[in-house]
Protein chains: 2
Amino acid sequence: MLSYLEFGMPSMKDKITRVAIELFHQKGYFATSVSEIAGQCGIQKASIYYHYASKENILFHIQKVTMDELTGYLRGNLDGRDDIEARMRAAVHSHVRFHLHRQKETFIANSELRGLTAAHYREIVAKRDEYEQIFQQIIREGCETGVFVPVDVKILSYAILTLCNAGAIWYNPEGRMAVDAIADIYETFVLRGLQKGQFPGITPKPGC
Amino acid sequence: MLSYLEFGMPSMKDKITRVAIELFHQKGYFATSVSEIAGQCGIQKASIYYHYASKENILFHIQKVTMDELTGYLRGNLDGRDDIEARMRAAVHSHVRFHLHRQKETFIANSELRGLTAAHYREIVAKRDEYEQIFQQIIREGCETGVFVPVDVKILSYAILTLCNAGAIWYNPEGRMAVDAIADIYETFVLRGLQKGQFPGITPKPGC
DNA sequence: CGAATCCTACCTACCGGACGGTAGGCAGTG
DNA sequence: CACTGCCTACCGTCCGGTAGGTAGGATTCG
């Protein structure tokens, strides 16, 4: 879970990356200057370029690592689960947990795509597509086997992912709510929205 | 629905605003220069400052108008509806419709808050809070009257609003899907997630 | 009525400053 | 003596914003 932090003495490159994550999250990529990153690392601006070829490369590195770890985490959480409902629950839970624990990186990955060069943009979008495919496959299977109501897979997958991102925006690590409690709320809401078991269009009587 | 466009000859200020919306949406606020806006309006950079006091003022104006119209649209759509389920459906529908029709402005309003001065930031956040309150009130009433399952009102309201924003990111006005069809999908999903009528935690047998 | 004045809506030219990035040097380590 | 990891000093560019001017239509006033 803790990347950018190696054992032993953390390298300056790691420090730069961590500071960049902090600043990009706080002020945005374009509003953050290289001198500012350097300043908070206690080094000069030019020294940044010893570790990274360009400002854009810092952004790209953050996004790449984050996307790889996000997908890896999901695969790990799905591993060994066969039941479709269990897989969907695990997927939502994994997504939310990662977004709460890695709040800043995922925020950057979601909102700073425009700072990337065309080539790097394509690379990140490809990783994102790969991640979405996993969700879409689960939803599709759920619909086909009749566990879920029939839905537009693409629209719903995107809706669910976006919905689960919401937590990362307001989540406060020092706040009252535990990560798993929040993940449970999203999990319940999503599953309720997907599962059969009620009659769509017909309002149940209050108190029923 | 069509603001920034007066009858008769549209003013240069309107043109600046429309061009700014286009560019802020396309490249982001910080990545857009005043000269660029001017260029696409066919005037010089300095002339922009005849119509707007600063670049930030353009952003603020866009956000303010958008938020006011968003809230006005919601109020209009809720007007006269008493039934809680109908109100929730109307609210979701209104939110989605507005975000699809005013894709670019709402995107800016959601993602470019950091470009605002502190005072303007507070003003926009206040408007946003006011809008969210309307949703929260509906959810709260639904829970209290037993129409909806008991939920964490704040978390769910935020989740629902974020989820409905998803459409505006991928929506293509020239695409295959009609605005109302998309709104219906979100409406159904949200209502299904909120309403009573299934037994949470118990998986219904496939085919049931 | 015509002359003087004002206002609108733009222009050219410029400012200080910050930005991303580079060149080249230097201290410490192996 | 080479390499690592940093430094100082500097570059050209572009930015938001300002100063000051001007064409021309509307308004005011002797």
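Chain letters run A, B, ... following the sequence lines, proteins first and then strands; every chain starts at 1. Just so you know, these numbers come straight off a predicted model, no measurement behind them.
- Atom NZ in B:K55 sits roughly 8 Å away from atom C1' in D:dC15 (whole-Å rounding).
- Listed for the A:D79 side chain is no donor-acceptor partner under 3.5 Å among the backbone atoms of A:R75.
- A:K13 places its NZ atom 16 Å from the C1' atom of D:dC6, with the value rounded to the nearest Å.
- Annotation: of the two residues near DNA chain C, B:I43 and A:E36, the 5′-most nearest-nucleotide partner is B:I43.
- Of the candidate nucleotides C:dC10, C:dT22, D:dT18, C:dT22 has the atom nearest to the side chain of A:A46.
- Regarding A:I16, its CD1 atom lies at a distance of 11 Å from the C1' atom of D:dC6, rounded to whole Å.
- In this structure, CD of A:Q44 is placed 10 Å from P of D:dA9, rounded to the nearest angstrom.
- The interatomic distance linking B:Y50 (OH) with C:dT8 (C1') rounds to 4 Å, in whole Å.
- At the phosphate of C:dA9, neither OP1 nor OP2 sits under 4.0 Å from any side-chain N or O atom of B:S47.
- At whole-Å resolution of the value, NZ in B:K45 and P in D:dT18 are 11 Å apart.
- Rounding to whole angstrom units, CD1 of residue A:I58 and P of C:dG20 are separated by 10 Å.
- Using a distance-only test at 3.5 Å, with no hydrogens or angles considered, no donor-acceptor pair links the side chain of A:H95 to the main chain of A:A91.
- What separates CZ of B:F30 from P of D:dC15 is a distance of 14 Å, to the nearest Å.
- Salt bridge B:R114/A:E112: present, at least one basic N to carboxylate O contact under 4.0 Å.
- Proximity note for A:H51 (side chain, C-beta onward) versus C:dC10, D:dG16, D:dC6: the nearest is D:dC6.
- Put simply, A:S33 has a side-chain N or O that comes within less than 4.0 Å of OP1 or OP2 on C:dC19.
- Relative to the ring axis of A:Y29, A:K55 places its NZ or CZ within 45° and under 6.0 Å from the centre.
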